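Here the structure comes first, spelled out in structure tokens, and everything after it is commentary.
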Amino acid sequence: MNRYFYLICILSSFFISSCNVITKEAVKSVLILENFNLNYYSKDGSKIYVLETPYSVFNQTDQSYSLEKTNIKFFEDENVKYNINSDSAKLINNKFIELTGNVRINDFNSNKTIIKSNNVSWNIDKSEFILKGDVSLENNIININSSKASLDKNDNIILFYNPVKYYYKEEDSMRKYNISSENAYYNITTKNVIFKSNNDKVKSKLSF
């Protein structure tokens, strides 16, 4: 009887100590970082983006960062091309970024274009941002709205997916235009808008 009693005590002690070790490892796997800055470079040494946040949590298990009040600056030829702000974000393995809550993208042209969305995701190895939820683009002349869009940061083209609502007001004029379309392409550099149907039978273009 005593042998069984001692055996049970030893096994219980081993089980409890194992639980403690697992708990300690779980605690150590999370790291809190304040005023966190991250610079990301391409293989040739060119700066791709700079990420800044006042508060972040790094999970060593899945190599992810949970970020608050995020600001990301994207570079081209050492100059800032786009600036993105969001309420929160998640960075996974330095390869995938998802921004959520009041996402706002600004370009740095003279006639600044502002793109807003609820959610933006980006695979760092690709040039395309995916925007979802109340997507809108506006500057001092136009306003385009849809539920989903994609922005290619290399050619500055943003594609708005069906359905698209478009509003245009001429400068120093009372004339306004409202257009509904299946898809719309907007060139941030040239300010051209192309409306296009899926079957390619309907196509129109506006230039400013």
Side-chain angles (χ1 to χ4, degrees), residues 35-56 64-161 164-168 183-194 206-208:
N35 298 318
F36 175 63
N37 296 334
L38 175 66
N39 296 334
Y40 189 85
Y41 296 86
S42 65
K43 293 181 180 179
D44 63 4
S46 301
K47 185 182 293 184
I48 296 179
Y49 71 82
V50 173
L51 184 153
E52 299 175 332
T53 178
Y55 182 86
S56 66
S64 68
Y65 291 87
S66 296
L67 314 164
E68 292 186 2
K69 298 297 179 184
T70 308
N71 174 260
I72 305 177
K73 293 179 175 65
F74 292 91
F75 289 80
E76 184 178 82
D77 299 327
E78 299 300 320
N79 296 315
V80 178
K81 186 174 184 179
Y82 290 104
N83 183 71
I84 304 182
N85 293 284
S86 67
D87 289 343
S88 61
K90 189 167 186 176
L91 172 63
I92 302 174
N93 288 324
N94 289 333
K95 291 294 183 181
F96 183 82
I97 298 176
E98 183 172 18
L99 302 102
T100 55
N102 297 311
V103 183
R104 183 185 175 105
I105 304 175
N106 300 332
D107 71 348
F108 284 84
N109 294 328
S110 56
N111 178 13
K112 181 179 291 187
T113 298
I114 300 173
I115 305 168
K116 299 178 182 178
S117 178
N118 294 331
N119 179 282
V120 172
S121 58
W122 179 49
N123 184 328
I124 296 172
D125 292 332
K126 300 179 180 179
S127 63
E128 187 179 65
F129 300 111
I130 303 298
L131 304 91
K132 295 181 180 179
D134 296 327
V135 182
S136 67
L137 179 149
E138 60 181 285
N139 53 36
N140 61 348
I141 298 177
I142 69 170
N143 189 315
I144 303 176
N145 296 275
S146 72
S147 60
K148 182 181 177 181
S150 60
L151 166 64
D152 192 314
K153 66 184 183 67
N154 285 347
D155 58 18
N156 294 322
I157 299 292
I158 181 167
L159 166 60
F160 293 88
Y161 295 91
V164 177
K165 294 183 179 179
Y166 172 83
Y167 168 83
Y168 163 63
N183 298 300
Y185 297 82
Y186 179 75
N187 189 311
I188 296 175
T189 303
T190 64
K191 310 301 179 185
N192 290 339
V193 182
I194 298 175
L206 296 176
S207 300
F208 311 102

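Fair warning: this is a prediction, and the values are worked out from it, not measured in the lab.
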Might you point out which heavy atoms bring [X] and [Y] nearest each other, and give the distance in Å?
X	Y	value
S86	V103	CB-CG2, 4.0 Å
Y82	K153	CE1-CB, 3.8 Å
I124	N94	CD1-O, 3.0 Å
I84	I105	CG1-CG1, 3.8 Å
F36	Y65	CZ-CE2, 3.5 Å
N145	N143	ND2-OD1, 2.8 Å

State the [atom1]-[atom2] distance between [X] and [Y], to the nearest 0.5 angstrom.
X	Y	atom1	atom2	result
T70	L51	OG1	CG	6.0 Å
K116	E138	NZ	CD	5.0 Å
N102	D87	CG	CG	4.5 Å
N183	Y185	CG	OH	6.0 Å
S121	I130	OG	CD1	5.5 Å
E98	S88	CD	OG	8.5 Å

ring-ring contact (aromatic ring centres under 6.0 Å, His included), paired with W122, selected from F129, F96, Y40: F129

Could you tell me whether a side-chain N or O of [X] sits under 3.5 Å from a main-chain N or O of [Y], the two making a donor and an acceptor?
X	Y	value
T53	E68	yes
N123	D125	yes
S117	K132	yes

Modelled atom types, side-chain donor and acceptor of N79 and K81, under 3.5 Å: no

I115 side chain reached by I188 side chain, heavy atoms, under 4.5 Å: yes

Residue pair V50, F75: steps toward the side chain to side chain contact (heavy atoms under 4.5 Å, CB included) verdict: CA-CA 8 Å; V50 173; F75 289 80; 3.6 Å; yes

side-chain contact (heavy atoms from CB on, under 4.5 Å) partner of Y186, the single match among L151, L137, L159: L137

Full working for side chain to side chain contact (heavy atoms under 4.5 Å, CB included) between N83 and N85: CA-CA 7 Å; N83 183 71; N85 293 284; 3.1 Å; yes

Residue that, paired with T189, satisfies side chain to side chain donor-acceptor pair (under 3.5 Å) out of D155, N156, T113: N156

